[in-house]
2 protein chains.
Amino acid sequence: MAALDSLTRLTERMRSATLFAGLPDAEVQRIAAAAHLKQMPAGEYFFLQGDPAERIYLLVEGRLKLSQSAADGQQALLRVIGAGSLFGAVALAQAKEYPVSAQAAADSQAVYWTPLELMEFVKKSPELAINAMKVMAEHVQEFQDRYLQLATERVERRLARTLLRLAAQTGKKTDAGVLIDLPLTRQDLAEMSGTTLFSVSRILNQWEEQGLVAVGRTKVVVVFPHGLVRIAEDLPVKKE
Amino acid sequence: MAALDSLTRLTERMRSATLFAGLPDAEVQRIAAAAHLKQMPAGEYFFLQGDPAERIYLLVEGRLKLSQSAADGQQALLRVIGAGSLFGAVALAQAKEYPVSAQAAADSQAVYWTPLELMEFVKKSPELAINAMKVMAEHVQEFQDRYLQLATERVERRLARTLLRLAAQTGKKTDAGVLIDLPLTRQDLAEMSGTTLFSVSRILNQWEEQGLVAVGRTKVVVVFPHGLVRIAEDLPVKKE
DNA sequence: CGCTACGTTGACGTCCCTCAATTTCGGTGG
DNA sequence: CCACCGAAATTGAGGGACGTCAACGTAGCG
């Protein structure tokens with residue numbers, strides 16, 4: 001029954017993904033049945049930047065870091081994703097190589113299809129293609145936005161945005177505030193915000209003094225989100 | 001016969017666009033026949049950021065600037081495109097609004113379809129969907145790259161890349177070097193590189209002294225591309 | 001209990017943004 | 001054709017944000 005359980009759980013996850021939105025249940029189940037399973041312990045990689053792009057993945061359990069590195073080793077942490085998210089979707093667009101690396105931030109399991117397998121389903125269900133375009137269009141927009149921000153905003157603001165985004169994505173309500181449920185080093189936050197770990201450290205401590213956040217080693221709790229929003233929106237920080 | 005001429009010219013343009021690659025000629029012609037024409041004098045806009053996204057355009061003649069602006073008026077010039085390029089493709093992904101503004105940099109003409117019209121063709125030709133995904137995947141990658149560059153590189157390098165990209169895209173060979181065939185102010189170049197017009201001015205003049213470029217008002221000629229490449233790659237600039 | 005990765009803090013430098021004052025260019029109309 | 005105007009561009013001074021580097025804590029893990 002384990003197999004059956006996992007299959008029903010899979011179709012559930014799939015239904016929550018934009019890619020499969022609006023598809024008839026029967027079709028989703030057929031696609032689920034064609035999926036392959038892949039487990040990955042924390043710290044290891046589903047694929048590395050430059051690997052041949054021969055699989056489209058859906059994360060079923062765990063957390064992933066998607067990062068890109070330049071020739072000189074400089075890195076950017078582009079996104080962090082949780083269960084229900086697609087990754088490696090470029091393979092569907094017949095890209096030759098993955099443009100990013102996908103590292104498991106926690107023990108994770110994902111299912112995957114080859115481009116050929118998914119393509120069969122695309123031919124039967126054009127919605128699938130539309131949905132894939134939606135996913136990609138969202139990404140284009142997200143990066144255009146972040147590009148603009150990086151070009152025009154200062155570090156504080158970008159870091160505030162990063163934390164708010166993370167809180168929204170992976171936030172876990174606790175009595176102390178919203179915990180970002182993912183071990184993130186200062187370096188990680190720096191790579192997500194386009195700055196250095198030193199600046200992140202200074203700013204976070206400053207915010208802690210102001211009661212906006214509570215920080216620990218690889219841990220951040222957003223205590224007073226509205227304060228961060230004010231910083232992100234570049235409004236004067238309210239005092240009372 | 002003007003109509004016939006323009007139709008054959010249109011199908012030619014379409015064939016050079018990734019979106020229609022690999023489609024049977026007959027199908028391309030059917031799609032061409034369904035296109036609507038739109039002329040735009042230099043300086044005016046095909047659409048503004050925030051306008052409802054109800055058309056997918058193909059530029060047939062002229063040049064376009066695609067730019068995005070933040071709430072506070074800060075701008076980024078995301079891309080400059082020439083004939084044969086698609087724009088407003090997000091409409092295909094059923095986005096509600098255009099995320100950028102599209103301004104004619106020269107007198108331009110474009111054809112367009114509504115999402116509904118193109119969708120009909122998508123249903124018949126899944127290749128069209130695949131191609132659309134390819135186009136979008138390319139954009140995602142481009143912006144991921146540029147994001148990384150903006151985050152990790154200094155102004156000189158970014159400006160060098162911008163010029164090289166422009167020279168490759170819109171370059172026109174002259175005996176003095178490669179002319180960037182498009183009136184671009186220092187401000188425009190600044191917005192494309194994520195810096196200020198002052199920095200652009202200083203750097204360009206410095207490069208002119210070194211014989212790398214020749215600059216004029218709203219005009220840049222790349223005289224010694226290899227020198228710019230060295231800067232873009234962060235190698236020491238060769239002297240002889 | 002010591003090693004290692006993570007984090008903090010200070011000093012310092014510099015890149016590049018900001019702002020203001022001019023100059024140059026190109027077009028337009030008298 | 002020249003004078004004039006506005007947009008584009010230059011140049012300099014000044015300062016501030018933030019990156020760089022070094023030295024030092026500190027927490028967690030084997």
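Order of the sequence lines fixes the chain letters, A, B, ..., with proteins taken first and strands second; residue numbering starts at 1 for each chain. Keep in mind that the numbers below use all heavy atoms, side chains included, and drop hydrogens, waters and symmetry copies.
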Requested in this report: Identify, between Ser199(B) and Ser201(A), the residue whose nearest nucleotide on DNA chain C lies closer to the 5' end.
Outcome: Ser201(A)
Requested in this report: Remember a base hit wins even if backbone is also touched, and classify Arg186(B) as base, sugar-phosphate or nothing at under 4.0 Å, heavy atoms.
Outcome: sugar-phosphate
Report task. Evaluate the ring planes of Tyr57(A) and Tyr112(A), with Trp represented by its six-membered ring, and classify them as parallel (under 30°), tilted (30 to 60°) or perpendicular (over 60°). Result -> tilted
Report task. Using whole Å, report how far CG of Leu184(A) lies from C1' of dG7(C). Result -> 15 Å
Query raised in the report: To the nearest Å, how far apart are Lys219(B) NZ and dA7(D) P?
Result: 22 Å
Requested in this report: Nearest whole angstrom, please: distance from the C1' of dT14(C) to the CD of Glu156(B).
Outcome: 14 Å
Query - Nearest listed nucleotide, side chain of Arg154(B), among dT26(D), dC16(C), dA8(D) - result: dC16(C)
Query raised in the report: Leu197(A) CG to dC21(D) P: how many Å, rounded?
Result: 12 Å
**Report entry** Pairing of Glu142(A) and Arg146(A) as salt bridge, 4.0 angstrom limit
**Finding:** yes
Requested in this report: For Arg202(A), answer base if it contacts any base atom (sugar-phosphate contacts may also be present), sugar-phosphate if it contacts only those atoms, and nothing otherwise; contact means non-hydrogen atoms under 4.0 Å.
Outcome: base
Query raised in the report: How close or far is atom C1' of dC16(C) from atom CG of Leu189(B), stated in whole angstroms?
Result: 17 Å
Query raised in the report: Taking atom C1' of dC16(C) as reference, at what distance in whole Å does atom CG of Leu159(B) sit?
Result: 13 Å
**Report entry** Backbone N/O of Ala232(A) and side chain of Arg157(A): donor-acceptor pair under 3.5 Å
**Finding:** yes
Query raised in the report: Is Arg9(B) salt-bridged to Glu61(B), going by a charged N under 4.0 Å from an acidic O?
Result: yes
Report task. Using only side-chain N and O atoms of Thr185(A), determine if any of them is under 4.0 Å from OP1 or OP2 of dA5(C). Result -> no
Query raised in the report: Between Asn205(B) and dA9(D), is there a side-chain N or O to OP1/OP2 distance below 4.0 Å?
Result: no
Query - Listed nucleotide nearest any side-chain atom of Val215(A), set dA20(C), dT8(C), dA27(D) - result: dT8(C)
**Report entry** Distance in angstrom units between Asp188(A) CG and dG7(C) P, rounded
**Finding:** 8 Å
**Report entry** Thr196(A) side chain near dG19(D) phosphate (N/O to OP1/OP2, under 4.0 Å)
**Finding:** yes
Query - Between C1' of dC18(D) and CD1 of Ile203(A), the distance in whole Å - result: 9 Å
Query raised in the report: The side chain of Arg217(A) lies closest to which of these nucleotides: dT20(D), dA8(D), dG7(C)?
Result: dG7(C)
Query raised in the report: Is the closest side-chain donor-acceptor distance between Asp107(A) and Gln39(A) under 3.5 Å?
Result: no
